[in-house]
> 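I am attaching a structure below and will ask some questions about it afterwards.
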Amino acid sequence: MCCPIFSGVMFFNRWMSSWARASEDLFTDRNEINSETLSQAIRAAASEEPDADGSVLFGQLQGTVVGLRYYTGVVNQGEMVGLVREPQNPYDRNAVMVANIYGNQVGHIKRELAAAMAYVMDNKLAKVEGVVHYGTKNKFNMPVMLSFWGKEENKNTVVESMLRRGYKLNTGGIKSAEAFLCFQLKNAFDNLFEGLMESKDGEKEAAKSVATPLLLHQKQALSWMCSRENKCTLPPFWEKRGDLYYNTLTHFSAREVPERVRGGILADDMGLGKTLTTIALILTNFHNGKPLPVEMSVSVNNMKQCKCGEYTNQNASSITESPEDLSARTTLIICPLSVLSNWLDQFEQHVHANVKLNVYLYYGSERNRSKKFLSSQDVVITTYNVLSADFEVSRGSPLHGIHWLRVVLDEGHTIRNPNAQMSKAVLQLKAQRRWILSGTPIQNSVKDLWTLLAFLRLKPFDVREWWNRVIQRPAMQGDRAGLQNLQTLVKCITLRRTKTSEVNGRPLVSLPEKMVCVEQVELNQQEREEYELARNEGRSTIGRYVAEGTVLRNYADVLAILMRLRQHCCHPDLLAKISSDLGAAATPAELRERLVEKLRLVLASGSDEECSVCLDSVCLPVITHCAHVYCRPCIAKVISTQQGTARCPLCRSDIKETELVEVPLEEMEDESSTHAKKWRTSSKVQALMGNLLRLQSEDRSIKCLVVSQFTRFLSILETPLREHGFSFVRLDGTMSQKKRAQVIQDFQSSAANSPSIMLLSLKAGGVGLNLTAASHVFLMDPAWNPATEEQCIDRCHRLGQKRKVVVTKFIVKDSVEENMVRIQRKKQDLVEKAFGSANTDKKTSRIDDIKALLEL
DNA sequence: ACCGCCGGGTGCC
DNA sequence: ACCGCCGGGTGCC
């Protein structure tokens, strides 16, 4: 009865339930363990295993594992073991159990030592890890090397507490592990997915029910996905040695085949057709490698109702080492709300019209919660939010009660935080096969990967301890082998191609040509005068800061001055009346008000401000008293790491958590001021209108994107568009999902009366935004970050684009806009230098950089 | 015989 | 466990 998979799950479960530290009996008969405890245990493990960040090694100690003869768990030389407190043990409440990777109990820690360890473990003063270096063949007890890890501030307490009970931690020869912040290793991780691009062998034709012919690289992906689902290849780091299976990283071995991972990560760049490939997978690879049996309607070629590729049970020769539930039919797709409609469209588009595929949208208050109904569908689509809401409300969440054939996570990086409700809900779904679709599987650090691997049930790393010990901590500390292992791991389960990848020397997708041209705009006399006035004012302000040596403290002001110049280049009415400099603030309330105002200025302009800690666009923006903008979590991390002596990473001023200021929620952009005044034009507006009118006269079917970082500029542009009778829509970040979807659908429509222009805010919409109806892009103002512009252009220059794409960038001659790209590069250098060291002699060079940046 | 010594039973927590 | 420890049997050499 003990089939390999099953017993594996149960050992695993036993291990997990001990983690849960619940009152569950550790010695439960294996057969009684149900999936309910398993899921509880997974949740417990995810929340209880602390993040290994900033842990240092306190010391090591040779201990003894006793009672070996009572348990079945064996260990190999060099194997890692887990130490689990067992407060419910009837013989000793200090008991510490020793278990191997699969959770098979090996023995206990000797009583006296256990008493000393129990204090340290129960008070979470240290995490204790064990490795057995020798004596693995012993009958009664064996030595174990114990390593104590924890926060620096607990080191002395732990060392002394152990010493009091007669155990001396050996601290000699341990190099103190430095605390790393995640951004320092960002580059190493950026390269993690390199080298995954080589084409994996073979290609596979999709089932007949797929209407769209697959491109070569999509056939390759399909082939890879099918083999990941069907073949019994060993997971990474497992080898067969004799009749045992051996894990080369943990040195664990087992008689049973390690549970295979049926699925993986499809990490292709967006636009390569992850959605189509997944639809093809669903239709092509049902049980035993046969296509999904679907009904064909009677309509075309007097075809009878037939089962397209009905599956038989006999052709099991190649696979089925492990039995599977052949009655499972349904694929569950979970995606962010923003791409829900895209999935529905794509099913519509890519499945043959005469095929009856049951796709159910599990969404909205009227959703059908019947398990029987849901599990009879071919596909159920829902969102992360619906899934986690169901999960939270009741234990009887219908989606959690079904054994899915396959679960697909679209934009899978959504679950990178293991503590999020969403992630917990996703991890507990029951499925035979699991897939993650993501263009960006790693966003900031290796930590992002754990939930993904846990979802895939990649043994043994789905248990946080093994992940932390074997992969995350070594990688975070820059250990080469650690990074290498991480890469190997990822490589085995991931397929990633980028738009620039090639197959047989040919690009994966051939997109229509893209032409980028810069159109210089000359300011008229009045505009030029106003611009020069502002420029001189800014120059003198910055000159003063340079003289005072306070440039870095007034960093936000420097940016604000640049901002005003950029606004001048677009339209005079963009300039908000921003008064004052920071120095004049009299009261704390006033200072706060000023800071809020500055922050708002930086944010509302859509200037794509980057956080200097994570180097990404700021999320949850806060401003420091020295007026630098960061993500709240990033700067909070810096402050907590530096413990009371925290300094601003950009200007080294003292900063405190309590002094971080954010924009009050009710602050929304005030549109009324622009409408109050009488509308006027500008040189840039004229330049745009000239182009639009010319295009319209050439070809009425051409559609355009008009892009700006300033949403107020978009508002200004509405007036002349209306005047000339253009039909247009607008998409910006403030719009609800529903409105957005409507706007996109209208714009993408090829109907004769559909809008021909979309006013688009540069940062609006996620990466998935598909605007292929447009073939002309007008970038009204240059962005700090050229990548942002590229992304924006890619929204129409992507798979599905039929026309040649023409991009026009408007740049005002003799203005700050001409320097934007150079400034961007300088800014990046500046940030790097700021983080390079806290050394003061670097300060001068940074000020020089700013001077150069402003051509002073 | 309130000890020492012998040898069998026994053995995690 | 080819140990240590316990506790019963035993007792000059």
Side-chain angles (χ1 to χ4, degrees), chain A residues 7 10-33 37 41 44-45 48-49 60-149 158 161-169 250-254 463 465-466 469:
Chain A
S7 59
M10 286 182 294
F11 287 145
F12 169 71
N13 180 65
R14 193 152 158 203
W15 161 250
M16 299 305 296
S17 50
S18 52
W19 271 103
R21 291 175 202 166
S23 51
E24 291 159 41
D25 184 2
L26 279 167
F27 308 102
T28 319
D29 183 319
R30 292 176 188 177
N31 297 317
E32 285 174 13
I33 293 164
T37 43
E48 284 202 21
E49 179 70 12
Q60 296 180 316
L61 173 68
Q62 185 79 243
T64 312
V65 185
V66 294
L68 302 186
R69 66 167 140 159
Y70 300 97
Y71 306 99
T72 54
V74 288
V75 292
N76 294 306
Q77 205 169 88
E79 183 170 337
M80 296 179 169
V81 290
L83 302 164
V84 186
R85 276 283 289 121
E86 209 176 59
Q88 306 295 330
N89 186 302
Y91 304 97
D92 181 1
R93 60 187 175 79
N94 291 324
V96 176
M97 174 191 126
V98 180
N100 67 21
I101 301 264
Y102 266 18
N104 291 0
Q105 182 162 5
V106 177
H108 278 102
I109 292 293
K110 213 153 78 88
R111 195 180 207 108
E112 301 78 16
L113 177 54
M117 286 167 59
Y119 174 78
V120 167
M121 292 169 82
D122 292 348
N123 292 295
K124 307 220 184 303
L125 296 170
K127 169 98 188 75
V128 191
E129 300 177 353
V131 177
V132 179
H133 292 293
Y134 58 95
T136 55
K137 301 275 186 288
N138 293 2
K139 280 197 171 116
F140 304 99
N141 51 45
M142 65 169 75
V144 59
M145 182 54 83
L146 303 170
S147 305
F148 291 66
W149 294 82
V158 169
S161 142
M162 293 301 291
L163 198 58
R164 252 197 317 265
R165 293 168 189 266
Y167 295 98
K168 186 165 166 20
L169 284 188
T250 60
H251 302 288
F252 174 74
S253 64
V463 172
E465 169 165 7
W466 309 117
R469 286 179 66 173

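We name chains A, B, ... by the order of the sequence lines, and we start the count at 1 in each one.
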> In whole angstroms, how far is the C1' atom of C/dC3 from the CZ atom of A/R69?
13 Å

> Using the C1' atom as the point on both nucleotides, what is the distance between C/dC13 and B/dC2, in whole Å?
25 Å

> Base, sugar-phosphate or nothing for A/K139? Non-hydrogen atoms, less than 4.0 Å.
nothing

> Just confirming the chi classification of B/dA1, syn or anti, using 90° around 0 as the syn window.
syn

> So which of A/N94, A/V98, A/V84 actually passes side-chain contact (heavy atoms from CB on, under 4.5 Å) with A/I109?
A/V98

> Report yes if the ring of A/Y91 lies under 5.5 Å from the six-membered base ring of B/dC12 with planes under 30°, and no otherwise.
no

> Under the side-chain contact (heavy atoms from CB on, under 4.5 Å) test against A/L146, which residue among A/Q60, A/E129, A/M117, A/Q62 passes?
A/M117

> Report which part of the nucleic acid A/L68 touches: base, sugar-phosphate, or nothing (heavy-atom distance under 4.0 Å, all strands).
nothing

> Just how far, in rounded Å, is P of B/dC12 from CE of A/M117?
19 Å

> Quantified in whole Å, what is the C1' atom distance between nucleotide C/dC6 and nucleotide C/dA1?
15 Å

> Calculate the interatomic distance between A/M97 atom CE and B/dC12 atom C1'; express it in whole Å.
13 Å

> To the nearest angstrom, how far is A/Y70 atom OH from C/dA1 atom P?
16 Å

> Any non-hydrogen side-chain atom of A/T64 less than 4.5 Å from a side-chain atom of A/L113?
no

> What I want to check is whether an N or O donor and acceptor connect the side chain of A/Y71 with the base of B/dC12 at under 3.5 Å.
yes

> Between A/K110 (NZ) and B/dC13 (P), how many Å, whole number?
8 Å

> Nearest whole angstrom, please: distance from the C1' of C/dC2 to the CG of A/N138.
14 Å

> How close or far is atom C1' of B/dC13 from atom CZ of A/R111, stated in whole angstroms?
6 Å

> Does C/dA1 have A/F140 stacked on its base, where the ring centres are within less than 5.5 Å and the planes differ by under 30°?
yes

> Mark yes or no for a side-chain to base donor-acceptor pair under 3.5 Å between A/D92 and B/dC13, with no hydrogen or angle criteria applied.
no

> Is atom CD of A/Q77 surrounded by more than 12 heavy atoms (other residues, nucleotides or ligands) closer than 6.0 Å?
no

> Watson-Crick or G-U wobble partner for C/dG11, using a 3.5 Å limit on both distances?
B/dC3

> Side chains of A/V75 and A/M142, heavy atoms from C-beta outward: is any pair under 4.5 Å?
yes

